Amino acid sequence: MVAINASTFYPSYSAGGSNSVASAGAATKTATSANTAATSVTLSDAARAAMAERSYATVLADARSKLTELLQAAGRTSPLLNGELALDISSLDAREVYAIASDDSFSEDEREAAKLEMQRRLEAALAGPLSIARVTGDYTGLYNAAAAFLDALGPEEKASADWQASRDAVTEGLKQLQKDPKTLPDAGGDDPVALYLELLETRGA
């Protein structure tokens, strides 16, 4: 896990920028609006299967091609502006975004943009369930959302030590919630939910 600051908590990467702040702040206003944001990154079982069937070399090539097209369409040479995400890359799937974030064939700006997008997606997935948890006092749905998000990521990311540590922490959190669903679990420093809550606190959200 990386150390978090006022703008990042994604388990695998350190990503800054106020776009992440805006995403989380807007998403936590109501459960309805946040659930809409979370739904936008949900994939069907068929889509996930198709996504996983491609070789990593194909994923890299697809990511390069799609990113180049998006940059050209937007008339940009970089997906960042003043350190913030300035290009909509939400059309790229999880494997493509991870490939951009982690492969040296992409520029530093492109890798940073992908990290910001990974952060945005995780925040979107947790924001709605957090709003509900704040009303009900039951944190089970929040941890289930984190588990579902992690389980939907691509095989390359799921093979990383960071992913495994995060998934193990969420599993431990759910185990503790079976006994007491209204007390936040103590699942260790790799718990993405705890890191998310800490991040929101630093933002004053």
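Predicted model only: the values in this text are computed from it and were never measured. Residue numbers run from 1 in the order of the sequence given.
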Does a side-chain heavy-atom distance below 4.5 Å link [X] with [Y]?
X: L67; Y: F106; value: yes
X: N144; Y: P129; value: no
X: T77; Y: L71; value: no
X: R120; Y: S90; value: yes
X: P185; Y: E172; value: no
X: R64; Y: E110; value: yes
X: R95; Y: P155; value: yes
X: D62; Y: D93; value: no

Closest heavy-atom contact between [X] and [Y]?
X: P79; Y: A113; result: CG-CB, 3.5 Å
X: L195; Y: G189; result: CD1-O, 3.8 Å
X: A145; Y: A125; result: CB-O, 3.8 Å
X: E117; Y: L85; result: OE1-CD2, 3.8 Å
X: Y56; Y: S102; result: OH-OG, 4.0 Å
X: A187; Y: G173; result: CB-N, 4.0 Å

Kindly compute the distance separating [atom1] ([X]) from [atom2] ([Y]), expressed to the nearest 0.5 Å.
X: L200; Y: L126; atom1: CG; atom2: CG; value: 9.0 Å
X: E69; Y: S91; atom1: CD; atom2: OG; value: 9.5 Å
X: R134; Y: I132; atom1: CZ; atom2: CD1; value: 12.5 Å
X: L130; Y: E123; atom1: CG; atom2: CD; value: 11.0 Å
X: Y98; Y: W163; atom1: OH; atom2: CH2; value: 12.0 Å
X: L81; Y: D109; atom1: CG; atom2: CG; value: 10.0 Å

Donor-acceptor side-chain pairing of [X] and [Y] below 3.5 angstrom:
X: Y143; Y: D191; result: yes
X: T140; Y: D138; result: yes
X: R167; Y: T171; result: yes

Keeping [X] on the side-chain end and [Y] on the backbone end, is there a donor-acceptor pair under 3.5 Å?
X: S160; Y: E156; answer: no
X: E201; Y: E198; answer: no
X: N82; Y: E84; answer: no

Applying side-chain contact (heavy atoms from CB on, under 4.5 Å) to K182 and T136, what does each step give before you reach the verdict? CA-CA 9 Å; K182 295 196 173 184; T136 64; over 6 Å; no

List the residues meeting side-chain hydrogen bond (donor to acceptor under 3.5 Å, both in side chains) with S65, not counting sequence neighbours, and say none if there are none.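 Expected list: none.
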
By side-chain hydrogen bond (donor to acceptor under 3.5 Å, both in side chains) - contacts of Q164 (at least two apart):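 In terms of side-chain hydrogen bond (donor to acceptor under 3.5 Å, both in side chains), with neighbours along the sequence ignored, Q164 is linked to D168.
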
Looking at residues at least two apart in the chain, or sitting in another chain, which of them share a salt bridge (charged side-chain N to carboxylate O under 4.0 Å, His left out) with E96?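 E96 satisfies salt bridge (charged side-chain N to carboxylate O under 4.0 Å, His left out) with R54, K66 once adjacent residues are dropped.
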
What verdict does the side-chain contact (heavy atoms from CB on, under 4.5 Å) test give for L70 and I89, after you've listed the backbone C-alpha separation in whole Å, the side-chain angles of each residue and the deciding distance to 0.1 Å? CA-CA 8 Å; L70 289 171; I89 57 174; 4.0 Å; yes

